[in-house]
Peer 1: 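I have a structure here, written as structure tokens, and I will follow up with some questions on it.
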Amino acid sequence: MPGEELARDIYATGFYRQKTKSIRGAMRVLLEEFDGEVPRRLDDLLRLPGVARKTANVVAAELGHAQGIVVDTHVRRLSQRLGLTRNEDPVKIERDLQRIVPRADWARFPHLLIWHGRRICDARRPACESCVLVDLCQSARV
Ligand code: SF4
């Protein structure tokens, strides 16, 4: 697909110039180095332009080969509030979570925190009075 056409298609997502460059670069690397297949290994995914650790972890987990734990804004906030980490850096938070979350749950654990973060443990107004984790949480405000 020509770059201009791709840029038009993804314009509404924001940062479309950089994203166009990354998507085209990732497609080229997939074709040239991976026979057009999305690789399963985290180290290989990280070689794709525009793919950093969070995205690589998401793709690997969704392909059924989780090799880490996705740390996004919800996972970071919930992990800190629940006392699962004292770190700010996503890579260090991921290491802390890897030590306590069974490997079999690495793919679904972030989904649980993300949904809990969206529905109950809001960044500004956590609904502690409705939270099932209230007895376990060091940050509960009740
Ligand atoms: S008790 Fe409050 S701060 Fe703790 S996880 Fe629940 S909503 Fe978040």
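Indexing begins at 1, ligand by ligand and atom by atom, following the structure's order. Just so it is clear, the structure is predicted and the values come from calculations on it, not from any experiment. The first residue of the sequence shown is numbered 1, and numbering continues consecutively from there.
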Peer 1: Can you see which heavy atom on P49 is nearest to which on V29, and at what distance?
Peer 2: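 Looks like CD-CG2, 3.8 Å.
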Peer 1: Can you name the closest pair of heavy atoms from W106 and A66 and give their distance?
Peer 2: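 Heavy atoms only, the tightest pair is CB-CB, 4.2 Å.
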Peer 1: May I ask you to decide if T85's main-chain N or O and Q80's side chain share a donor-acceptor pair within less than 3.5 Å?
Peer 2: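 No: the side chain of Q80 does not pair with the backbone of T85.
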Peer 1: Heavy atoms only: give me the nearest L42-Q67 pair and the separation to one decimal.
Peer 2: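 Answer, listing the atom of L42 first, then Q67: N-OE1, 2.8 Å.
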Peer 1: So, does R77 use its side chain to make a donor-acceptor pair with the main chain of C121 at under 3.5 Å?
Peer 2: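 Answer holds: yes.
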Peer 1: Just to be sure I understand the site: which N, O or S atoms from the protein are less than 2.8 Å away from atom 4 (Fe) of ligand 1?
Peer 2: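 C137 SG, with waters left out.
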Peer 1: Please report the closest heavy-atom contact between I10 and I23, naming both atoms and the distance.
Peer 2: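 Nearest pair, atom of I10 first, then I23: CD1-CD1, 4.1 Å.
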